Q: 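Please see the structure below; I have some questions.
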Amino acid sequence: NLILKKGLLDSKKLEEMLIFSQNANITLSDALVEKDVISDEGLGLIVAKFLKITFIDLSKITILPELSHIVPENIARKQKVIAFKKEKSSIYLAMADPSNTQIQEMISKKTGMKVVSYLATERDIENKLGIYRKDVQKTFNLMISSDPEKLGTISFCRNNKYDNKN
């Protein structure tokens, strides 16, 4: 209905788009973006305005790696939420579903800070979740640059003999 109201598609084209999304097993919003009916950011802005919530385009900001520890990766991926800013007493969350008060309460309790939620598109959040991979890469780089004596050894053989089963 919002799509019709905004004049993005007429009812016939909307029906075609719904059929396409069902056949492709994707959401209507993904279908609209994939078929270039609207940009991901444009869709986010329309939804945010409708919900009367602030929209954040994560592609236009840099998220500090230390913020990745606020929302655990498994929760960030499953709930489509990522912390993007921290101030004195507030933590800012980009959320695909800002009505998810449970995750907001959990983060508030964990940090002792007020949570300010923003709407972000799922696609935008998925793209920013690479921050967790950067953290893993940083840890890996630290490991390989550290003193090997402290790390121990990694064995690729069984019983100290190479496993040749050819």
Side-chain angles (χ1 to χ4, degrees), residues 2 20-158:
L2 188 60
F20 169 77
S21 69
Q22 289 170 348
N23 290 339
N25 200 26
I26 59 176
T27 64
L28 178 59
S29 58
D30 284 343
L32 292 170
V33 173
E34 186 176 312
K35 292 290 187 178
D36 292 323
V37 173
I38 191 168
S39 69
D40 194 48
E41 180 183 3
L43 187 59
L45 286 166
I46 289 172
V47 172
K49 187 174 182 180
F50 177 77
L51 296 175
K52 297 180 173 121
I53 189 165
T54 307
F55 176 76
I56 182 77
D57 183 351
L58 295 174
S59 68
K60 295 180 179 176
I61 65 169
T62 301
I63 299 176
L64 299 174
E66 57 266 20
L67 294 177
S68 68
H69 300 289
I70 293 170
V71 180
E73 181 178 8
N74 63 330
I75 292 171
R77 290 188 185 284
K78 185 176 180 183
Q79 301 293 325
K80 307 289 189 252
V81 59
I82 192 166
F84 68 91
K85 181 178 166 184
K86 184 177 176 182
E87 289 182 343
K88 290 180 185 177
S89 61
S90 299
I91 190 73
Y92 293 77
L93 299 179
M95 305 177 71
D97 179 9
S99 68
N100 185 343
T101 56
Q102 186 178 7
I103 192 80
Q104 293 176 37
E105 289 168 6
M106 182 192 84
I107 299 301
S108 180
K109 189 173 183 178
K110 177 181 177 182
T111 63
M113 303 174 96
K114 176 185 168 206
V115 169
V116 181
S117 61
Y118 283 65
L119 175 71
T121 63
E122 285 189 28
R123 181 175 278 132
D124 215 8
I125 292 170
E126 288 287 338
N127 290 338
K128 280 295 182 177
L129 288 175
I131 191 171
Y132 291 99
R133 296 291 163 231
K134 287 179 186 173
D135 197 40
V136 170
Q137 184 65 46
K138 182 179 172 184
T139 302
F140 179 74
N141 289 343
L142 181 64
M143 284 175 54
I144 62 174
S145 68
S146 294
D147 184 359
E149 294 292 319
K150 292 179 184 174
L151 291 175
T153 59
I154 299 173
S155 178
F156 292 102
C157 54
R158 189 180 294 158

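A quick note: this is a predicted structure, and the numbers were derived from the prediction, not measured. Residue numbers start at 1 and run along the sequence shown.
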Q: Would you say D124's side chain and L58's backbone share a donor-acceptor pair under 3.5 angstrom?
A: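 It does hold such a pair.
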Q: Given the rule in the side-chain contact (heavy atoms from CB on, under 4.5 Å) test, do I91 and I70 qualify, once you have shown the distances and angles that lead to the verdict?
A: CA-CA 9 Å; I91 190 73; I70 293 170; 3.1 Å; yes
Q: Got a sec: does the CG of N25 have more than 12 other heavy atoms crowding it under 6.0 Å?
A: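 For N25, atom CG is not crowded (no more than 12 foreign heavy atoms under 6.0 Å).
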Q: Between E66 and K86, does any NZ, NE, NH1 or NH2 come within less than 4.0 Å of an OD or OE carboxylate oxygen?
A: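 Judged by the 4.0 Å cut-off on N to carboxylate O distance, K86 and E66 do not form a salt bridge.
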Q: Could you grab the distance from atom OG of S29 to atom CZ of R123, nearest 0.5 Å is fine?
A: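 If I round to the nearest 0.5 Å, the distance is 8.0 Å.
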Q: With a 4.5 Å cut-off on side-chain heavy atoms, are V47 and F55 touching?
A: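 A side-chain contact under 4.5 Å is absent here.
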Q: Is the shortest side-chain N to carboxylate O distance from E87 to K85 below 4.0 Å?
A: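 Looking at E87 and K85, the cut-off is met.
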Q: Can you tell me how far apart OG1 (T62) and CG (L67) are? Round to the nearest 0.5 Å.
A: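 Reported value, rounded in 0.5 Å steps: 11.5 Å.
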Q: Rounded to the nearest 0.5 Å, how far apart are CD of Q79 and CD of Q102?
A: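 Q79 atom CD to Q102 atom CD measures 7.5 Å (nearest 0.5 Å).
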Q: Apply side-chain contact (heavy atoms from CB on, under 4.5 Å) to residues K88 and M113 and explain how you reach the verdict.
A: CA-CA 8 Å; K88 290 180 185 177; M113 303 174 96; over 6 Å; no
Q: Taking the side chain as every heavy atom from C-beta outward, state whether P72 and K110 have any atom pair closer than 4.5 Å.
A: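 In contact.
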Q: When V81 is tested against each of M106, M95, Q104 for side-chain contact (heavy atoms from CB on, under 4.5 Å), which residue passes?
A: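 Testing each of M106, M95, Q104 against V81, the sole residue satisfying side-chain contact (heavy atoms from CB on, under 4.5 Å) is M95.
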Q: Closer than 4.0 angstrom, basic N to acidic O: yes or no for R77 and E73?
A: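 Answer for the salt bridge query: yes.
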Q: Nearest 0.5 Å please: distance from the CD1 atom of I107 over to the CD1 atom of I75.
A: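 Rounded to the nearest 0.5 Å, the CD1-CD1 separation comes out at 6.5 Å.
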Q: Side-chain contact, heavy-atom cut-off 4.5 Å: L93 with V71?
A: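 In short, these two side chains touch, coming nearer than 4.5 Å.
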Q: Quick one: closest heavy-atom pair of A94 and I56, and the distance?
A: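 It is CB-CG2, 3.8 Å.
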Q: Given side-chain contact (heavy atoms from CB on, under 4.5 Å), test L28 with L32 step by step and report yes or no.
A: CA-CA 6 Å; L28 178 59; L32 292 170; 4.2 Å; yes
Q: Which of parallel (below 30°), tilted (30 to 60°) and perpendicular (above 60°) describes Y118 and F84?
A: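 Judged by the thresholds at 30° and 60°, the geometry between Y118 and F84 is perpendicular.
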Q: Tell me if a side-chain donor or acceptor on T121 pairs with a main-chain N or O of D40 at a distance below 3.5 Å.
A: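 Such a contact is absent between T121 side chain and D40 backbone.
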Q: For F20, does the six-membered ring have the charged nitrogen or CZ of K35 within the cation-pi criterion, i.e. under 6.0 angstrom from the centroid and within 45° of the normal?
A: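 Judged by the rule (NZ or CZ under 6.0 Å from the ring centre, within 45° of its axis), K35 counts as positioned above F20.
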Q: Rounded to the nearest 0.5 Å, what separates atom CD in Q22 from atom OG1 in T27?
A: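 The CD atom of Q22 sits 12.0 Å away from the OG1 atom of T27.
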Q: Rounded at 0.5 Å granularity, tell me how far CD1 in I63 sits from CD1 in I61.
A: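 These two atoms lie 5.0 Å from each other.
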Q: In chain order, what residues pass the side-chain hydrogen bond (donor to acceptor under 3.5 Å, both in side chains) check against S99, with sequence neighbours excluded?
A: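 If we apply the side-chain hydrogen bond (donor to acceptor under 3.5 Å, both in side chains) test to S99, skipping adjacent residues, the hits are D97.
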Q: Counting only heavy atoms from other residues, nucleotides and ligands, does the tally under 6.0 Å from NZ of K114 exceed 12?
A: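 Atom NZ in K114 is not packed in, count stays at 12 or less.
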Q: Any side-chain heavy atom of L129 within less than 4.5 Å of one from I125?
A: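 With C-beta onward as the side chain, the pair touches.
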Q: Please find the pair of heavy atoms, one from A96 and one from L119, that lie closest to each other, and give the distance.
A: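 In this case the closest contact between A96 and L119 is O-CD1, 3.6 Å.
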